[in-house]
Each structure stands twice: as structure tokens, then as C-alpha cells.
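Here is the structure we will look at, set down as C-alpha cells.
On a predicted model such as this, the values are computed, not experimentally measured, just so you know. Just so you know, ligand 1 is whichever comes first in the structure, and atom 1 is the first atom listed for that ligand.
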Amino acid sequence: MEKKGQRKNWNRGEYNFLIDSDLELYKNNKKDYFYGMAQQTDHFKKVISHAKEYGFVFPSSEIYDGLSAVYDYAQNGSALKNNIREYWWKSMTQLNENIVGIDAAIFMHPTTWKASGHVDAFNDPLIDNKLSKKRYRADVLVEDYVAKIETKMEKEITKAAKRFGDSFDEAQFKATNPRVLGYQETANAILKRLGQSLEKEDLADVKALIEELEIACPESGSRDWTDVKQFNLMFGTKLGASADSAMDLYLRPETAQGIFVNFLNVQKTGRMKLPFGIAQTGKAFRNEIVARQFIFRMREFEQMEMQFFIPPGTQKEWYEHWKETRLNWHHNLGLGKENYRFHDHEKLAHYADAASDIEFRFPFGFKELEGIHSRTDFDLSSHEKFTGKKLQYFDPERNENYVPYVVETSIGLDRMFLAVFSNALTEEVLEDGSSRTVLKLPPALSPTKVAVLPLVKKDGLPELARSVVDELKWSFSTNYDEKDAVGRRYRRQDALGTPYCITVDHQSLEDQTVTLRERDSMKQERIAIKDLKSEISEHVSLEGLMRKL
Ligand code: GAP
């Protein structure tokens, strides 16, 4: 969980290059802005440009030069996003009879955010460099410093591995090599001190640490820093027409609170028995200071969250259950098991008694994709306190009333999009030496499932192809394409991630068969038009994907 003010120090790899305002960068160098950062990997650059070129993601209000860290999903991107959301939503609410879905408003009573702790604690510690006037997250500056130490450590290990060859025992080397041990000790000591200072809200010590480590502004090289100040990440707005009576509101920074405040309504109207879950997807807003890496960290983003309400004392078993269930949901997409790992939190937020991230190997390294949090009874109890209303459940088995405990699963839809999209984008060299760009999306998530291509634009082939579209469109998102040579059309559909192309040719007029081409293998087979639906749906349906869960 991205607990503000004490952001996770294990995430430091992503902060290798800091910019305060990427809008400024955009104005200076449009291309670099769109690519997010100068230092992205080649693959990541390709991901971003492919997303734009093929109508997946655009910078928001681009004709006005864009808006920093805000993006729009385009015609194919919104379809892919919908499909990911549907996979999550149905896996939660359709496959579990004890999980129901809601859609709470973005605006909530402002006291909600007092009760949840966001007004007081949803902060990032910021520091300004006096020379460059650039603003940074203070914790990130320190974490970047530690990342450099770790890079040195890794270099030592790589060097030794080369020297010793097959007989190299990495674990033993790490445990005994004095230089590696020294690096590790220094890194641990710095992170420990940072963690303690943030926990105690000792911002003066965070500044002292930056000065002691002689950390310089990445832009100006200056070590002249302001004091560290807390910066609340919630976006404020006003409700009401007149300035006097207007009420201060916040745009929700997480969807979870919409679930907590509706807990009793859902439990009573749905006659839900514990354990049960409430799922929700929707927009969340955070005024991120270090907003970058394309759609990885945005100011307006979408979450898919599920709060699972349980009897106190059972949280450990349910936490383990949801960790396993969620990892399995990810693995089921076939993006490669080696691309996921858990990161169990050592330092916990005040309301959690266990927390773990599912990290994914993004093009810029392993980063948080989803959080599984054992949130105790903190949220419901706090809402009880602030409202004076009981948010309790009568347990007939225990014959008592209590505030339920909660295990939460929380995933960013945009991050999931980036995970799927970046993993899918592949450059292939073919046998004839030519290359193709193919988006190997899990077929059930592809924006378009089938493209129907008449071989030529005459002789009745377009008409027959249209009739195939008319038949298939009831079952699949279908695309008709008659422009350019068929080979180019295949390439275009490959780049869009379309799993199947159907080519209608002269033989089709005679025997009502067509060529069915599969995206990844590029294999083509002759198939009767009447069999298309069953052949394709077996491979592209969400049901097929979910049945493998
Ligand atoms: N209710 C718990 C919660 O909000 P979080 O770790 O702050 O926890 C959950 O957020 C997930 O939301 C993250 O794992 C990430 O996938 C996504 N997320 C958080 N901040 C984001 C941002 N600025 N841009 C895109 N996704 C974000």
C-alpha cells in the first residue's frame, strides 16, 4: 500500500531520475515529455509510442500541449481497459457468490477523509532545491542514493560471478564478501534512519540525512536545500453555488472508503453473512509530485478494490487466501510467472497488521502492481467514532456483535493495463529476415477479436466479408478492413493485438470457406464460415479465460 509520508523504501528503483514538472519538460522537448523521462529503456519508449500510434493512449488535451501526468484512453485502449476491468469484476463478483459490487460516488462527505486518516496523514515529504527551484520527494532523494549503493553492490556480484563461473555461490558471496557486506550495511542503516524519521514525522532529520549524504539536486548539482515539508496529496474542490456556503470536498484518493461507508447498507439489504466482500472499480485522484513513467503513476487513475469483511481473529488465514487468489488471477493471464513477485511489508501502516504487494516486472523493473492489506477494523471503527453510528455485525454463530475485520485487495487498472500492454509488445524477426511488431495480448483482453479482410476489393468479396462480419459481430468485437495488400493488413492487426484474421478469397465464393490466421503462430487454416464462431470463441472468450482460474 502506498502509505504517504512513509512511501516504501523498497520501491527506490523507479526513482532513478527525478523531475518535478514534466509539463515543463514537455514544453521544452515534446518527445521527451511524451516518453515520460529521458532515461527510459528502449522497450519502454516503444511501448509509449506504440500506445499512441495505434490508438491506445494519448496525452490528455494534447492540442493544448497536454496536461502533466494525465492521459486519455483512445479507441483501442478503452476497449483493452474495459476488458481488463471485466476480467477483474467478473472474477470477483460473478465467481464468488459472497462478493457483490457497488459503484459509489467520487464525492464523499468530507469527514470521511478525516476518519480514514487521509486529511492528516496522506502526505509526501517535499524538499525544494534553492538554486534550481525544483521540488523533490525528500524520501525519494534518499532512496535514489541507496539505489546507487545497491547498483555498486550488484556490480561486485556480477564481477565475481564472471570470475568464478559455474562454481559461483551468490548467497555465500553476499554473506561473506566484505565489500558487499559494507554496501549492504550502509544501505540498511540509511533506510532504517529514513524510515524512523518519517515514522516520527521528524522532517528536520530527513533534511539532515540528505545533507549528511551530500545529496545534490539532479538538475543543478546544488546542495542548497529548503526544509522538508509535508504536502497533502488530496485534490480539494467545493460543493455549492455561493462562496460563503460552499463546502470543502475532496476528490477521493482511493475507492475503498466508498465501500466502508456503505458496509452496513450492503450487508443489510443484501442479507450478507460474514465473510463477504464488496468490490468496486472507479476513479481515484492524487496530486502526485513525482508523477511519471507514463500511466504507471498518474494524478487521475482507476482502482479496482475489494474489501473482504471477516470475523476478528480470522484475518491471517483470509490474508493468505487473498494473496494466493490474486496471484493466481495474474498468472492465469499467461504473462509469465517469473514476472511477478510478492513484496511483504516490514513496516506497516498504523491500521494494518499485514500487507504485501504483488510486484510486476515493468519495462523499468519490478514495481508494485497490486496491494493486499489486512486492514484490521481500523476503517469501520474510525467511521463509527466520527459518525457516532454503529457499524457492527451480529454474528449468529458467535452470538455477538462486533466490528468486522477487513482484508483488502487493491489494484490500479492503469498499472494493470501497462503490465499487460508492455508485456505483450514484441518485435519478431521472421524466417525470411523481415520483422514484425506484434501485440501478443491475452486474446480475451484484445480490443478486437477478429478482423475480416476481403482479399481484393471486387468480385463480390467485400460483400461476402461484410456478411461474415454481420454474423460474427454478435459474439465478438469485429473489424472489417479492405485497405492495402493483405500482408500489410495482417501486420496492422498484429500491431493492434487482434488474435484472428479471416481472409475471404475467391474460393470462399465457391465453397463458403475462408482462411483463419492466428496472430502469434501466424498459422493459417481453411475453415467453413459456419464453424468460425465456435472455433474462435473457444480461444478468445472471457469465459474460457476465467474457467482456467
Ligand atoms: N485502498 C488502498 C490503496 O489505495 P495504494 O497502494 O495506495 O492502496 C492501490 O493503491 C493501487 O492503486 C496500487 O497498487 C497501484 O496499482 C494503484 N495506484 C496508486 N497510486 C497510483 C497512481 N498515482 N497512478 C496509478 N496507479 C496508482
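Which parts of ligand 1 touch Glu305 is read off a 4.0 Å heavy-atom cut-off, strictly below it: atoms 1 (N), 2 (C), 3 (C), 4 (O). Near Met298, meaning under 4.0 Å from any of its heavy atoms, are these atoms of ligand 1: 22 (C), 23 (N), 24 (N), 25 (C). Close contacts between ligand 1 and Arg375 involve ligand atoms 1 (N), 2 (C) [criterion: under 4.0 Å to a heavy atom]. Taking every non-hydrogen atom of Glu288 and a distance limit under 4.0 Å, the qualifying atoms of ligand 1 come out as 23 (N). Taking every non-hydrogen atom of Gly412 and a distance limit under 4.0 Å, the qualifying atoms of ligand 1 come out as 11 (C), 12 (O), 15 (C), 16 (O), 17 (C).
Taking the ring centroids of Tyr393 and Phe309, they lie at or beyond the 6.0 Å cut-off.
Taking each of His373, Glu368, Arg286, Gln257 in turn, the one with a heavy atom nearest to atom 4 (O) of ligand 1 proves to be Arg286.
Under 3.5 Å, the side chains of Gln257 and His383 contain a donor-acceptor pair of N or O atoms. In the model, Ser541 has no side-chain atom that pairs as donor or acceptor with a side-chain atom of Arg547 under 3.5 Å. Counted by atom type alone, Asn188 and Gln184 present one or more donor-acceptor pairs between their side chains at under 3.5 Å.
No part of Met304 comes within 4.0 Å of ligand 1, judged by heavy-atom distances. Counting heavy atoms under 4.0 Å from ligand 1, residue Met416 does not touch it at all. Only the side chain of Glu408 comes within 4.0 Å of ligand 1, judged by heavy-atom distances.
Here the options are Arg415, Arg85, Lys283, Arg252, the test is salt bridge (Lys or Arg N to Asp or Glu O under 4.0 Å), and the partner is Glu302; only Arg85 passes.
The side-chain tip of Lys367 does not point at the ring of Phe296 from less than 6.0 angstrom away and within 45° of straight on.
For Ser410, the side chain to side chain donor-acceptor pair (under 3.5 Å) test picks out Glu305, with sequence neighbours left out. For the side chain to side chain donor-acceptor pair (under 3.5 Å) test, no residue two or more places apart in sequence or in another chain qualifies with Lys385.
Residue contact annotation: Glu300 has no non-hydrogen atom under 4.0 Å from ligand 1. The shell of residues lying under 4.0 angstrom from ligand 1, judged by heavy atoms, includes Leu369.
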